[in-house]
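First the structure, in the form of structure tokens, and then the observations on it.
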Amino acid sequence: MPELPEVETIRQTLEPVLHGHRLLSSHIYECRLRWTLPDHLFESLHGALLLKITRRGKYLLWHFDVGRVMLVHLGMSGRLGMATPREPLAPHTHVTWEFSDSPLIYYRDPRRFGMIDVVNKERLNEHPRLQLLGVEPLSLQFTPKTLCQVSGHRNIKTVLMDHKVVAGLGNIYVNEALFMAGIHPQRQQCHLTKAECTLLVESIKSVLTRAIEQGGTTLRDYRDARGEPGFFSLSLQVYGRENEPCLKCQTPIRRSVQSGRSTYFCPQCQNLH
DNA sequence: AGACCCCTGGAC
DNA sequence: GTCCAGGGGTCT
């Protein structure tokens, strides 16, 4: 479900509620996630003050004043939200956290592809899920060079989906950025011109920035931490538009499958050579 | 690079 | 019933 703009929107809607509040208690209702939650995972955080929530790729990092950090990844169907203490928990609720003077925070994940972990601050960058992540796409470190330096003959869509190269992109925004840049998803990365790499980097930054401004993309069930949907769905140019006319040239949008994921593109506007 | 795996739920 | 889904880890 959530790609970088959705995770960032959740961060932005959750942090103002929790920052400066103390974690009083937590409860694990369902320990089966991508990796099973240990019984006492959150114990070291009880009584700790939440300093801030940051984001790295699609991971949310909850920094506590005891030198511990909680990592949360939402997988495909994970959701962080707020509930009143009395209301019954929705199905597939894995964890709830009770913070001082705050609504009850829950994590819910029907497909169980998400993960939650807690680590020492000093060990954060060595965490197996973080240490191999590439650059942040909205940072100054993400440049045309990032794409040029990748070795091999992979197609450009696969390269952009590779979090070791650039962290946080997903299927929606890769499709959208490639359309915006006029680059066919099956182009070999090593055959892109410098100008195309530049345009692609600009397109990625542009589409992510606009998506964050719209609160992300709600296709089915994505909601921010307040329960609000995202409105970038209204701005999608190719994703999910198979057989619909290209918004630039009217040619029907095509769908193919690359690495098991749907790829949407305009065969007219997106150059293969 | 690609196939397969992990899961549930919704559309058809 | 079948197919599909915004994730990614782990094998060959």
Which pair of non-hydrogen atoms, one from [X] and one from [Y], has the smallest distance, and what is that distance?
X: A:N175; Y: A:S262; result: ND2-O, 3.7 Å
X: A:C269; Y: A:K248; result: SG-CB, 3.9 Å
X: A:S44; Y: A:R68; result: OG-NE, 3.0 Å

Review item, nucleotides 9-12 of chain B N/O atoms under 3.5 Å of protein N/O:
unit_1, atom_1, unit_2, atom_2, d
B:dG9, OP1, A:H92, NE2, 2.6

[X] [atom1] to [N] [atom2]: how many Å, rounded?
X: A:E6; N: C:dG6; atom1: CD; atom2: C1'; result: 7 Å
X: A:E242; N: C:dA5; atom1: CD; atom2: P; result: 10 Å
X: A:Q131; N: C:dG8; atom1: CD; atom2: C1'; result: 16 Å
X: A:M115; N: C:dG7; atom1: CE; atom2: P; result: 16 Å
X: A:K164; N: C:dG7; atom1: NZ; atom2: C1'; result: 14 Å
X: A:L4; N: C:dG7; atom1: CG; atom2: P; result: 11 Å
X: A:Q258; N: B:dG2; atom1: CD; atom2: C1'; result: 12 Å

Provide a list of protein-nucleic acid N or O atom pairs under 3.5 angstrom, restricted to nucleotides 2-4 of chain C.
none

Secondary structure of DNA chain C in dot-bracket form (Watson-Crick or G-U wobble, distances below 3.5 Å, | marking inter-strand pairs): |||||.||||||
Checking side-chain polar atoms at under 3.5 Å, does [X] have a donor or acceptor matched by the opposite partner on [Y]?
X: A:N155; Y: A:R187; answer: no
X: A:H191; Y: A:Q188; answer: no
X: A:E6; Y: A:Y173; answer: yes

Matching residue for A:L45 among A:W62, A:W97, A:F64 - test: side-chain contact (heavy atoms from CB on, under 4.5 Å):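 One option only clears the test, and that one is A:F64.
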Side chain A:H127, main chain A:V118, donor-acceptor under 3.5 Å: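 The answer is no, because no donor-acceptor pair under 3.5 Å joins these two groups.
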Nearest-Å distance once atom P is located in both C:dG8 and B:dG10: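 My reading of the P atoms in C:dG8 and B:dG10 gives 23 Å.
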C1' atoms of B:dC6 and C:dG1, separation to the nearest Å: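 Those two atoms are separated by 22 Å.
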Phosphate-side-chain proximity, A:H73 and C:dG7, N/O vs OP1/OP2 below 4.0 Å: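 Result: no.
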Phosphate-side-chain proximity, A:R261 and C:dA5, N/O vs OP1/OP2 below 4.0 Å: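 Indeed not, no polar side-chain atom of A:R261 lies that close.
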Stacking check A:F113 vs B:dC7 (5.5 Å / 30 deg):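 Stacking is absent between B:dC7 and A:F113, given that the ring centres and planes do not meet under 5.5 Å and under 30°.
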Plane angle bin for A:Y107 and A:H94 - parallel if under 30°, tilted between 30 and 60°, otherwise perpendicular: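 Perpendicular, since the angle between the ring planes exceeds 60°.
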ring-ring contact (aromatic ring centres under 6.0 Å, His included) against A:F142, all qualifying residues, sequence neighbours excluded: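 For A:F142, no residue satisfies ring-ring contact (aromatic ring centres under 6.0 Å, His included) once neighbours in sequence are set aside.
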Look for any protein N or O under 3.5 Å of an N or O in nucleotides 9-12 of chain C and output each such pair with its distance, or none.
unit_1, atom_1, unit_2, atom_2, d
C:dG9, OP1, A:R129, NE, 3.3
C:dG9, O4', A:R34, NH2, 2.6

Base C:dA5 to side chain A:R111, donor-acceptor N/O within 3.5 Å cut-off: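 For A:R111, whose side chain was compared with the base of C:dA5, there is a donor-acceptor pair (under 3.5 Å).
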Touch class at under 4.0 angstrom, heavy-atom based, for A:D221 against every strand present: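 Answer is base: heavy atoms of A:D221 come under 4.0 Å of a base.
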Contact list for DNA chain C against residues 170-180 of chain A - heavy-atom distance below 4.0 Å: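 Hits under 4.0 Å, by residue number: A:G170, A:N171, A:I172.
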